[in-house]
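Taking it in order: structure first as structure tokens, then the write-up.
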Amino acid sequence: MLNPVHLRTLAVVLRTGSFADAAREIGYTGSAVSQQVAALERAVQAPLVERDAQSIRPTEAAKFLASRARDIISALSTLEDDMKGFSKGDYGLMRLGSFSTASQRLIPGGLASYLRRHPNSTVELEEGSPSELAALLKESALDVAVVFHYDLVPQQWPSNVLATPLLTEELTLLLPETHRLAGADSITLQDLADENWVSGKEDTSGDACLRHLCASEGFKPRITVRSNNYDAIRGMVRSGVGIALIPALECGHRRDRGQEHLGLHGAAAHFRPSPEVRIRRVDHEPPAMPRPLSRQARSVNPARHPSDEAPRRGGAGRLPRRAPRVVNPQLG
């Protein structure tokens, strides 16, 4: 097979008219240019230049070869530039995993910024639970994912995954507007011990967090309805089916007016030394998603956030929170 570097060198020799000028343009020595042309002559089994003491003259074979190679050289140069852009993230496909709320509230703004910087990139979005997305990352079926975990529910990521904290959400207590505690300044968890609850399905970390939290106060929540659909959960609370504890991002897209429209009383719950749950209106504006991470071709030790080590209460007596984070595989 013909060497594309030698073809490029021949094209420069024919354009400049000498080995010396070609060498200066390419950055080689005159001897190296001469050797490359000689190697190309052996490959095509035909003389390409006629040499004399003062100059060189291209043969018809050289002109024919240079003419046919022009498109090949141009295509290779374009490919080389494209691969440089690919290595910087300007080209290629990014396979992004996310959970549904992040896809609506966190991903769009950051993704728009990313695609403005990398207009030749495309993105495939895959939604799933943190465990499902982590499995896809481990199998190299995803490049990066936005996932979450709860303070009270430990989460270990695969050993080839690096987790980068993105933000921390307050958990929000949802009560119907007509609830006996809706206007209270403070509520203890014991006040909620006899309530009916609307929670996620039993295999979810949100449900596990609720059960751990109630167990720490000596009671088991009476769960009447289970659903992983937060729109359905808000509807159940609005209708008086039960109360719910959900992350702030799941409270809806609109702020105070939206909470009133839903007929819900929003509460960001914090533990006080009593302990007690402080009620206030939801006023949460999610920050923009940071620049998505890409694969990094290096080997690193597994990275865990301190909150991943074991179940624990929030610091300074705070209610456990949910922490979305960006995870991406580290290639050995």
Side-chain angles (χ1 to χ4, degrees), residues 1-97 110-126 136-137 139-145 160 162 291-300 328-332:
M1 182 179 292
L2 299 180
N3 188 322
V5 175
H6 296 170
L7 290 173
R8 182 179 294 174
T9 298
L10 176 65
V12 177
V13 168
L14 267 59
R15 179 164 52 79
T16 60
S18 75
F19 288 157
D21 290 342
R24 280 191 290 270
E25 180 173 321
I26 299 172
Y28 294 159
T29 64
S31 175
V33 169
S34 178
Q35 290 174 11
Q36 288 188 22
V37 172
L40 196 54
E41 288 177 326
R42 291 193 296 272
V44 300
Q45 299 181 357
L48 298 176
V49 294
E50 296 176 355
R51 298 169 174 84
D52 59 31
Q54 301 297 325
S55 63
I56 59 170
R57 292 186 301 278
T59 65
E60 290 302 313
K63 295 176 183 177
F64 174 80
L65 180 60
S67 175
R68 295 292 297 272
R70 186 175 297 114
D71 291 341
I72 297 173
I73 294 170
S74 176
L76 287 173
S77 296
T78 300
L79 177 60
E80 183 178 27
D81 291 340
D82 287 348
M83 289 309 299
K84 289 178 180 178
F86 186 89
S87 66
K88 295 187 295 183
D90 294 334
Y91 291 86
L93 171 68
M94 181 174 68
R95 300 166 301 176
L96 171 64
L111 201 55
S113 176
Y114 174 82
L115 291 174
R116 283 194 295 270
R117 295 194 303 270
H118 308 285
N120 296 310
S121 293
T122 57
V123 177
E124 286 184 357
L125 181 63
E126 179 76 24
L136 292 174
L137 282 169
E139 296 167 2
S140 298
L142 289 178
D143 299 308
V144 61
N160 66 331
L162 173 66
R291 179 177 179 177
L293 303 178
S294 60
R295 287 176 177 267
Q296 299 179 18
R298 59 186 176 89
S299 177
V300 299
N328 69 305
Q330 302 295 294
L331 304 182

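Positions are given from 1 along the sequence. In this text, all values refer to a predicted model and were calculated from it rather than measured experimentally. All heavy atoms count here, side chains included; hydrogens, waters and symmetry mates do not.
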**OP:** With the side chain counted from C-beta on, respond yes when Leu76 and Leu7 share a heavy-atom pair under 4.5 Å apart, and no when they do not.
**Re:** no

Subject >> Student check: side-chain heavy atoms of Glu60 and Lys63 closer than 4.5 Å >> reply: yes

Original post:
Roughly how far, to the nearest 0.5 Å, is the CG atom of Leu142 from the CG atom of Leu137?
Top reply: 5.0 Å

Original post:
Got Glu41 and Val49 here, is their nearest side-chain heavy-atom distance under 4.5 Å?
Top reply: yes

Subject >> From Asn3 atom CG to Met1 atom CE, the distance as rounded to the nearest 0.5 Å >> reply: 10.5 Å

**OP:** Would you give the length of the straight line joining atom CZ of Arg116 to atom OG of Ser121, rounded to the nearest 0.5 angstrom?
**Re:** 14.0 Å

Original post:
Side chain of Arg15, backbone of Ala22: donor and acceptor closer than 3.5 Å?
Top reply: no

Original post:
Hey, what do you get for NE2 (His6) to CD (Gln36), rounding to the nearest 0.5 Å?
Top reply: 4.0 Å

Subject >> Arg117 versus Ser113, side-chain donor and acceptor atoms under 3.5 Å >> reply: yes

**OP:** Let me know which of Ile56, Val13, Leu14, Leu65 forms a side-chain contact (heavy atoms from CB on, under 4.5 Å) with Leu48.
**Re:** Leu65

Subject >> Close side-chain approach of Met94 and Leu111, heavy atoms under 4.5 Å >> reply: yes

Original post:
Between Ala23 and Gly30, which heavy-atom pair has the shortest distance, and what is it?
Top reply: CB-N, 3.6 Å

Original post:
Taking the side chain from Thr9 and the backbone from Val5, do they hold a donor-acceptor pair closer than 3.5 Å?
Top reply: yes

Subject >> Arg51 atom CZ, over 12 foreign heavy atoms within 6.0 Å >> reply: yes

Original post:
From Leu40 CG over to Gln35 CD, what is the distance, rounded to the nearest 0.5 angstrom?
Top reply: 13.5 Å

Subject >> Close side-chain approach of Ile72 and Leu2, heavy atoms under 4.5 Å >> reply: no

